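A quick write-up on the structure given underneath.
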Amino acid sequence: MTEIVRKILAEALGAMGIPVPERIEVEVPRDEALGDLSTPIAMSLSKQLRKPPKNIAQEIIANIRERGDFEKIEVAGPGFINFTLKKDSLYRSLSGFLREGDGLLSRKDIGKGRKILLEFVSANPTGPLHLGHGRGAALGAALANLLSAAGFSVIKEYYINDAGRQVGLLGESVFAKYQELLGKSYPFPEDGYRGAYVEDIAKKIALDETDRYKGLEFTPPQSDFFREYSCGQMLALIKADLEAFGVTFDTWQSEKELYERKPDEPESEVEKTIRYLREKGYTKTEEGATWFKATEFGDEKDRVIIRSGGAYTYFASDIAYHKKKVDVGYDELINIWGADHHGYIPRVKAALEALGYEKERLKVLLVQLVSLLRGGKPVQMSKRAGEFITLKDVMEEVGADTTKFMFLTRKADSHLDFDLEVAKAASAENPVYYVQYAYARINSILRHAAEKGFIEPQAGTGAVDVDLSPLSEPEEQRLIKKILLYPAVFEAAVYAREPHRITFYLQELAGIFHPYYNKHRIVAEDNRLTLARLALSRAARIVLRDGLHVLGVAAPERM
RNA sequence: GCGCCUGUAGCUCAGUUGGAUAGAGCAACUGCCUUCUAAGCAGUGGGUCAGGGGUUCGAAUCCCUUCAGGCGCACCA
C-alpha cells in the first residue's frame, strides 16, 4: 500500500527535477480522518529548496500523474501531503493479497538470498538456562524467522564454550559430588557449581561407571572424562529446554574444536588465527604474555590473547571463531549478546578488522538483562547456593507462548521486569491470547461458514473472483487497510532487525478484528456480503498466521 | 573516575529512525452472552515524555548538562 504512494511521489519529484531521496517517508496519519497515508516530504525538502512546505506540497501534488487509486490528495497541517485511497483500489489490493495465498507474501526480494549467520543464546554449558537466556532465545528465533521470510539465508548457531576454566570447574564439581556419593571426601572447588543438576550428573556417572573413579585425583584422564561427560549432559539439558521453548539451532559450534588440530592440518584454528595476526604485526609480547594490538583498530586497550602462563584467553578462541564465521562467506554476522558483554564489542570488531574485514559486517544486538520478580519483589537468586529460577521453571509456571510474547513485546535493549505473578495472573488477559484468540475465532467462523455451505475461497482459484465491494462498513475499511499495511510493517521490522514491531502490529490487527466481529455478522443472510466478509476474514487470518509464525508463537485452530 | 543502556499514565511497555491533538495492555469503574468462540465487545477516568538548556518550520526522538537506576571497565568467561 505504501509502495503506491512512494512510486507516484518519486515520479512527481522526478518531473519537478528534484533528486529523489533514497527513502521517501510514508506514514499512517494519527487521525484516520486525515487520510490513509501521509508524507512529510514537502517539509523535509523545504530547507533545501528554500520554499515554504505548503507551496512545495502543492507543486508535488500538481505533478502527480497517476492518481487513479486515490479519492483525494491534499495538503494539510504544516505541509503534509495526505492520501485517501479509493475503495476500489483497496479491494483490488486485497484481492491481490488473497490471490498470492498463504506463505506467498512477496518479500523474498528484501534479503535477496544474502547469507546471515545468527549466533544467539550460547550459554555456558555449566548450568541450566535462565530467563535472560530465554529472552535471547526468543529474540534470536523470531529474528531468524523474520529474516528467513524476508529472503535471507539464515543459519542459527549456538557457540558452545566447552573449553577453559568454567567447564573444568563444572567437571570438578561433579567429580567432588561423585566422590561424596561413594563415601570419599574430595574438596569441593571454591567457585564450584552447586546446583542440584551437579548431583544428578554425579549420580548418573556413579550408576553408569560405578566406582571406577573412586578415590582418584582430579587429573587426566578422569578429569577429561568428567569434564566432557558433564558438559555433554548439560548441553543435552539445554537443548531439551530450548526445544520445549520452541527454539532450534542449525549448527552447534564447539569452542574446544577450535583448539584441536585436524588430522591433516598442522595447526588448530586458534593457532592459525594467531599466526596470521602475528605475521601482520598486530601482536606484541609484554610481560610474558601475547597481546593483540586492539588499540590500532579503535579499541581502548590492547588485549591479552595468550597469558604469561601459556594459556589462551577466551578472546583468542573468539577471534578464531569470528574468523571462521567470516571465512565461510557470510555476508552478515549477527550476534545476540547479554548487555553485560557490551564492553566486548569493540575488541571483537577490532579483531575482525585486523583480519581484513569491515567491522560493519558484524552486528551485535544487545539484550538487556531480565529482573525476575514475584509479586513486585525481586526473586533472590544465588548461583553459589544453587538456588535460581530457570527458564524451564518459568515455562512450566507461565507457559512458553506467554513467556515468548512477553519478550517480544519489548525492544531488545529495554530493561525488563518479568513478574511471575503478573505474567500468570494476567494469563487469561494476556495479549498473546488476544492475538491467538482472533486467529482461533476466524477459524471458527470459517468452519461455521463451511457448515452453512459457504465454500471458503481457495488461493489461486475463487479468491480472485470474490466481489469485495459489499465491504463498505467503516470497520471493514479499517481492517482492509490494516491488513494491507502488513508488508510495510514487516519490511520495517526486517530493516530495523526488530521483531517486536510485528508483535505490536498483530495486537493492533486483532484489536480491529474483534470489534468488527462483535458488531457485524460475518456469516450473514446476504450471500454476496457473506462471501466478501469471509474473504476479508481469510486475509486477516493469513496475516495473523504469518505474524505469529514469525514470532514463533503457536497459532491455534481453536481455543 | 570512564564507557554503554534505560527513564513516557498507578504498573508493564510501544511510539513507524525528526512530524499533525503522545498510544496500547494490565489495574479501577459502568454496561453487553438464546444469534459465527465473552481468552471478546462498548464506555469512563488517568501524562511536567526524569529536570534544565540548545539545534529548527517542528523534539518523547538529535546535541549538551544534572539527577536516578542497571551493566560493564582482568593475563575471568
Side-chain angles (χ1 to χ4, degrees), chain A residues 2 23 25-31 34 38-40 43-44 46-47 52-53 76-80 82 124 126 161 163-167 191 255 286-291 300-301 303-309 311 313-315 318 338-346 366 368-369 371 376 406 409-411 413-419 422-423 425-434 436-438 440-449 451-452 485 488-489 492-493 495-496 500-501 503-505 507-508 510-511 513-519 521-524 530 533-534 537 558-559:
Chain A
T2 53
R23 192 181 157 75
E25 269 183 281
V26 177
E27 53 194 46
V28 177
R30 220 180 281 288
D31 184 351
L34 293 168
S38 176
T39 179
M43 292 180 283
S44 312
S46 173
K47 184 175 249 177
F80 288 99
N82 291 340
N124 278 349
T126 52
N161 297 120
R165 195 179 116 81
Q166 301 304 320
V167 282
D191 302 319
E255 180 190 7
E286 256 173 40
E287 297 163 41
T290 304
W291 302 65
E300 54 183 23
K301 286 179 189 167
R303 308 290 175 178
V304 171
I305 46 180
I306 306 175
R307 286 180 258 164
S308 52
T313 63
Y314 177 82
F315 186 41
D318 227 18
D340 52 340
H341 286 70
H342 75 259
Y344 209 76
I345 299 173
L366 291 178
Q368 277 297 337
L369 307 180
S371 324
M406 283 276 230
T409 41
R410 283 140 174 97
K411 57 179 188 227
D413 60 4
S414 66
H415 298 262
L416 165 57
D417 285 342
F418 194 104
D419 193 315
V422 171
S427 180
E429 305 290 324
N430 202 289
V432 70
Y433 296 109
Y434 187 76
Q436 287 181 323
Y437 190 57
R441 188 172 243 178
I442 292 172
N443 284 294
S444 173
I445 294 164
L446 296 179
R447 280 193 299 269
H448 176 79
E451 282 168 23
K452 289 270 182 182
L485 206 60
V489 173
Y495 177 73
H500 78 267
R501 295 180 188 229
T503 318
F504 280 89
Y505 170 84
Q507 292 186 68
E508 288 166 11
F513 183 78
H514 285 306
Y516 170 53
Y517 165 88
N518 212 264
K519 192 164 174 186
R521 283 197 66 81
I522 311 289
V523 180
T530 299
R533 288 183 170 173
L534 284 172
S537 302
R558 56 184 86 216
M559 284 172 75

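Just so you know, these numbers come straight off a predicted model, no measurement behind them. Residue numbering restarts at 1 for every chain, and letters A, B, ... go by the order of the sequence lines.
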**Short side-chain N/O contact from A:Arg165 to OP1 or OP2 of B:rC75, under 4.0 Å** = no
**Request:** Mark yes or no: A:Arg441 above the aromatic ring of A:Phe513, with NZ or CZ under 6.0 Å from the six-membered ring centre and no more than 45 degrees from the axis.
**Result:** no
**Request:** Scan A:Ala496 against the nucleic acid and name what it touches under 4.0 Å (heavy atoms): base, sugar-phosphate only, or nothing.
**Result:** base
**Message:** So A:Asn443, base contact, sugar-phosphate only, or nothing? Heavy-atom distance under 4.0 Å.
**Reply:** nothing
**Message:** Tell me whether the side-chain N/O atoms of A:Arg307 come closer than 4.0 Å to OP1 or OP2 in B:rC76.
**Reply:** yes
**Prompt:** Do A:Thr409 and B:rC13 have a side chain to base donor-acceptor pair shorter than 3.5 Å?
**Reply:** no
**Prompt:** Does B:rG43 pair with anything, Watson-Crick or G-U wobble, both distances under 3.5 Å, and if so, with which nucleotide?
**Reply:** B:rC29
**Asked** Checking all strands, does A:Val28 fall into the base, sugar-phosphate, or nothing category for heavy-atom contacts under 4.0 angstrom?
**Response** base
**Asked** Looking across every strand, which nucleic acid part, if any, lies under 4.0 Å from A:Tyr434 by heavy atom: base, sugar-phosphate, or nothing?
**Response** sugar-phosphate
**Prompt:** Is the distance from OP1 or OP2 of B:rA38 to the nearest side-chain N or O of A:Tyr517 less than 4.0 Å?
**Reply:** yes
**Message:** For a quick check of understanding: with a heavy-atom distance under 4.0 Å over all strands, which category does A:Arg303 fall into, base, sugar-phosphate or nothing?
**Reply:** nothing
**Request:** Report which part of the nucleic acid A:Ala339 touches: base, sugar-phosphate, or nothing (heavy-atom distance under 4.0 Å, all strands).
**Result:** sugar-phosphate
**Complementary nucleotide of B:rG72, counting Watson-Crick and G-U pairs under 3.5 Å** = B:rC2
**Shortest non-hydrogen contact from A:Glu287 toward A:Ser308** = O-CB, 3.7 Å
**Request:** Please state how far atom CG in A:Asn430 lies from atom P in B:rU12, giving the value in whole angstrom units.
**Result:** 16 Å
**Request:** When you get a sec, tell me which of B:rA14, B:rG19, B:rC75 is the closest nucleotide to the side chain of A:Trp291?
**Result:** B:rC75
**Item:** Check: A:His415 side chain, B:rG7 base, donor-acceptor under 3.5 Å
**Value:** no
**Prompt:** How is A:Ser38 classified with respect to the nucleic acid when contacts are heavy atoms under 4.0 Å: base, sugar-phosphate, or nothing?
**Reply:** base
**Message:** As a test of the definition: with a 90° window around 0 for syn, would you call B:rU16 syn or anti?
**Reply:** anti
**Atom-pair distance (CE on A:Met43; P on B:rC57), nearest Å** = 13 Å
**Message:** Base, sugar-phosphate or nothing for A:Pro40? Non-hydrogen atoms, less than 4.0 Å.
**Reply:** base
**Prompt:** Of the nucleotides B:rG19, B:rC36, B:rU6, which has the atom closest to the A:Asp413 side chain?
**Reply:** B:rU6
**Message:** Checking understanding here: a glycosidic angle within 90° of 0 is syn, the rest anti, so what is B:rC33?
**Reply:** syn
**Prompt:** Checking all strands, does A:Leu416 fall into the base, sugar-phosphate, or nothing category for heavy-atom contacts under 4.0 angstrom?
**Reply:** sugar-phosphate
**Request:** Tell which nucleotide pairs with B:rG18, taking only Watson-Crick or G-U wobble pairs whose two distances are both under 3.5 angstrom.
**Result:** none
**Nearest listed nucleotide, side chain of A:Tyr495, among B:rU17, B:rC76, B:rU12** = B:rU17
**Fill in**
Testing B:rU21, B:rC36, B:rA39 for proximity to the side chain of A:Met559, the answer is B:rA39
**Prompt:** Counting only side-chain N and O atoms of A:Tyr433, is one of them less than 4.0 Å from OP1 or OP2 of B:rA38?
**Reply:** no
**Asked** Hey, does A:Ser371 reach any base, or is it just sugar-phosphate, or nothing, if we go heavy atoms under 4.0 Å?
**Response** nothing
**Request:** For A:Lys411, answer base if it contacts any base atom (sugar-phosphate contacts may also be present), sugar-phosphate if it contacts only those atoms, and nothing otherwise; contact means non-hydrogen atoms under 4.0 Å.
**Result:** sugar-phosphate
**Message:** From C-beta outward on A:Tyr437, which listed nucleotide comes closest to its side chain: B:rC13, B:rA39, B:rA77?
**Reply:** B:rA39
**Asked** Of all the nucleotides listed (B:rC13, B:rC36, B:rG19), which has the minimum atom distance to the side chain of A:Ile522?
**Response** B:rC36
**Prompt:** Is A:Arg533 reaching over with its side chain to a backbone N or O of A:Arg521, donor-acceptor style, under 3.5 angstrom?
**Reply:** yes
**Message:** For B:rC73, does the base pair up with any side-chain atom of A:Glu300 as donor and acceptor (N or O, under 3.5 Å, distance only)?
**Reply:** no
**Request:** May I ask you to say what A:Ala524 touches in the nucleic acid, namely base, sugar-phosphate or nothing, with a heavy-atom cut-off under 4.0 Å?
**Result:** nothing
**Prompt:** Are the charged groups of A:Arg165 and A:Asp191 less than 4.0 angstrom apart, N to O?
**Reply:** yes
**Asked** Using purine N1 to pyrimidine N3 plus N6-O4 or O6-N4 for Watson-Crick, or N1-O2 and O6-N3 for G-U wobble, both under 3.5 Å, which nucleotide pairs with B:rC67?
**Response** B:rG7
**Request:** Decide yes or no, distance alone: a donor-acceptor N/O pair under 3.5 angstrom between the base of B:rC41 and the side-chain of A:His514.
**Result:** no
**Sugar-phosphate, base or nothing in reach of A:Gln436, heavy atoms under 4.0 Å** = nothing
**Message:** Partner lookup for B:rU55, please. Criteria are Watson-Crick or G-U wobble with both distances under 3.5 angstrom; report none if nothing qualifies.
**Reply:** none
**Message:** Using only modelled atom types and a 3.5 angstrom limit, is any donor from either the side chain of A:His341 or the base of B:rG72 paired with an acceptor on the other?
**Reply:** no
**Message:** Could you tell me the Watson-Crick or G-U partner of B:rA38, where both distances fall under 3.5 Å? Say none if there is no partner.
**Reply:** none
**Message:** Between P on B:rG25 and CZ on A:Phe504, what's the gap in Å once rounded to a whole number?
**Reply:** 11 Å
**Request:** May I ask you to say what A:Lys301 touches in the nucleic acid, namely base, sugar-phosphate or nothing, with a heavy-atom cut-off under 4.0 Å?
**Result:** sugar-phosphate
